[in-house]
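Below is one structure, written out as structure tokens; the observations come after it.
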Amino acid sequence: VYTCLASYAQTGTPMQPGDTMPLADTYCAITIEADDLVFIENMAESEHRDHRCYSTVGLEAYVGAPIRVRGVTVGAISFSSEAPARRSFTEADADLLQLAARWAAAHLERTEREAILRHTRAEAQAHADRLRTLASVFGERGLQIREHLSRVLEAGRELLGAEVAICSHVQEDTYTIRSCISPDTVDLAPGDHFPLATTYCSLALAAGDVVSIDSATDSPYRRHPAYE
């Protein structure tokens, strides 16, 4: 898929940022395939005249250069015209095109770094907010142990976006629920017990560490008895 990031045209209506079309319908497909500078002075007389982009777009003159970010081609920068070029392209044109491609690559890389930085800052802020929330719960005074535990489970469930929060006790091969926060549609209650091997908590106990599963379907644990 070809996505326009920026465009300019002296006449007509140029593509707008965000516009898309099949890559194979574009002249830039030739540049991407070549992974090098492409100069077409007269498409009708060029080796690319049978390319589908010619019948789709109908441009006669085209120059394009691949945009590489960290060694990977991520797009192209191009200049084109509906009429054949009025002169032959020169080495100076090639230098200008390469310079433009390098500038575009630097801009894209900087934009990507800034987006990652913003995301990292947002994640750090969210983590700090979660810690403050849990700290306030742990610091509450005058609560009975069960009530305090319920508050911790409820806070953790909300912060993690989970449906169920459980504090359990494991003895030998038996898993017993001590406290549970869950919606009415989930049939779990304190006192319920199960074979340890059929629970997700068996994974954490076997690992002796935190276990995080975003999607059991796509994880190595999809054949675990707890999922099946």
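Looking at every heavy atom in both residues, C180 comes nearest to V164 through SG-CG1, 4.4 Å. T174 and H193 make their closest contact through CG2-CB, 4.0 Å (heavy atoms, listed as atom of the first residue, atom of the second, distance). Across all their heavy atoms, L5 and P17 have their closest contact at O-CB, 3.6 Å. Contact between S150 and S179 at its shortest, heavy atoms only, is OG-OG, 3.9 Å. Summarising the geometry of A29 relative to L23, their closest heavy-atom pair is CB-O, 3.2 Å, with the distance given to 0.1 Å. Between E60 and P84 the shortest heavy-atom distance is CB-N, 3.5 Å.
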For this session: Show your working on side chain to side chain contact (heavy atoms under 4.5 Å, CB included) between H51 and Y27 and close with a plain yes or no.
Result: CA-CA 9 Å; H51 194 282; Y27 284 69; over 6 Å; no
For this session: Check the pair C4, Q16 against side chain to side chain contact (heavy atoms under 4.5 Å, CB included), reporting the backbone distance first and the verdict last.
Result: CA-CA 7 Å; C4 175; Q16 298 299 309; over 6 Å; no
Problem set entry | Worked check of side chain to side chain contact (heavy atoms under 4.5 Å, CB included) between T26 and T56 | CA-CA 8 Å; T26 70; T56 302; over 6 Å; no
Problem set entry | salt bridge (charged side-chain N to carboxylate O under 4.0 Å, His left out) evaluation trace for D192 with R178 | CA-CA 8 Å; D192 290 349; R178 293 303 190 201; over 6 Å; no
Exercise. Run the side chain to side chain contact (heavy atoms under 4.5 Å, CB included) check on I40 and V63 step by step: do they pass?
Worked result: CA-CA 6 Å; I40 302 174; V63 295; over 6 Å; no
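Other residues, nucleotides and ligands contribute over 12 non-hydrogen atoms within 6.0 Å of the CZ atom of R87. Annotation for D173: atom CG does not count as buried by contact number, only 12 or fewer foreign heavy atoms lying within 6.0 Å. Counting non-hydrogen atoms of other residues, nucleotides and ligands closer than 6.0 Å to CZ of R113 gives a total above 12. For CD of E91, the number of neighbouring non-hydrogen atoms (other residues, nucleotides, ligands) closer than 6.0 Å is 12 at most.
No donor-acceptor pair closer than 3.5 Å links the side chain of D218 to the backbone N or O of S215. R121 places no side-chain N or O within 3.5 Å of a backbone atom of R118 that could act as its donor or acceptor partner.
Y175 and V186 fall within a single hydrophobic cluster, where Ile, Leu, Val, Met, Phe, Trp and Tyr side chains are chained together by heavy-atom contacts under 4.5 Å. Put simply, Y62 and I30 are part of the same group of oily side chains (I, L, V, M, F, W, Y) that touch within less than 4.5 Å, one to the next. Connection of V57 to M43 is established within a shared hydrophobic cluster, with ILVMFWY side chains joined at heavy-atom distances below 4.5 Å, either directly or through further cluster members. A continuous path of ILVMFWY side-chain contacts below 4.5 Å connects F89 to L37, so both sit in one hydrophobic cluster.
We find that E154 and R157 are joined by a salt bridge, their nearest charged nitrogen and carboxylate oxygen being less than 4.0 Å apart.
Of the inter-residue distances, the one linking D93 atom CG with S88 atom OG reads 9.5 Å to the nearest 0.5 angstrom. Note: T31 OG1 to D36 CG = 9.0 Å, rounded to the nearest 0.5 Å. Put simply, OG on S182 and CD1 on I166 are 7.5 Å apart, with the number rounded to the nearest 0.5 Å. Atom OG in S7 sits 7.5 Å away from atom CG in D19 (nearest 0.5 Å). Taken from CG in D50 to SG in C53, the straight-line distance is 10.5 Å, to the nearest 0.5 Å. A distance of 11.0 Å separates SG of C201 from CZ of F194, quoted to the nearest 0.5 Å.
Contact annotation: the side chain of V211 never approaches that of D209 to less than 4.5 Å [non-hydrogen atoms, C-beta and beyond]. Side-chain contact between P22 and Y2 is absent, with no heavy atoms from C-beta onward closer than 4.5 Å.
Side chains of H224 and S202: a donor on one and an acceptor on the other come within 3.5 Å. Side-chain N/O atoms of Y227 and S219 include no donor and acceptor closer than 3.5 Å.
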Show me the donor-acceptor pairs within less than 3.5 Å that the side chains of residues 66-82 make with the rest of the protein, sequence neighbours left out.
unit_1, atom_1, unit_2, atom_2, d
R68, NH2, D35, O, 2.7
R68, NH2, D35, OD1, 3.3
R70, NH1, E112, OE2, 3.1
R70, NH2, E112, OE2, 2.3
T73, OG1, D35, OD1, 2.8
S81, OG, A83, N, 3.2
S81, OG, A83, O, 3.4

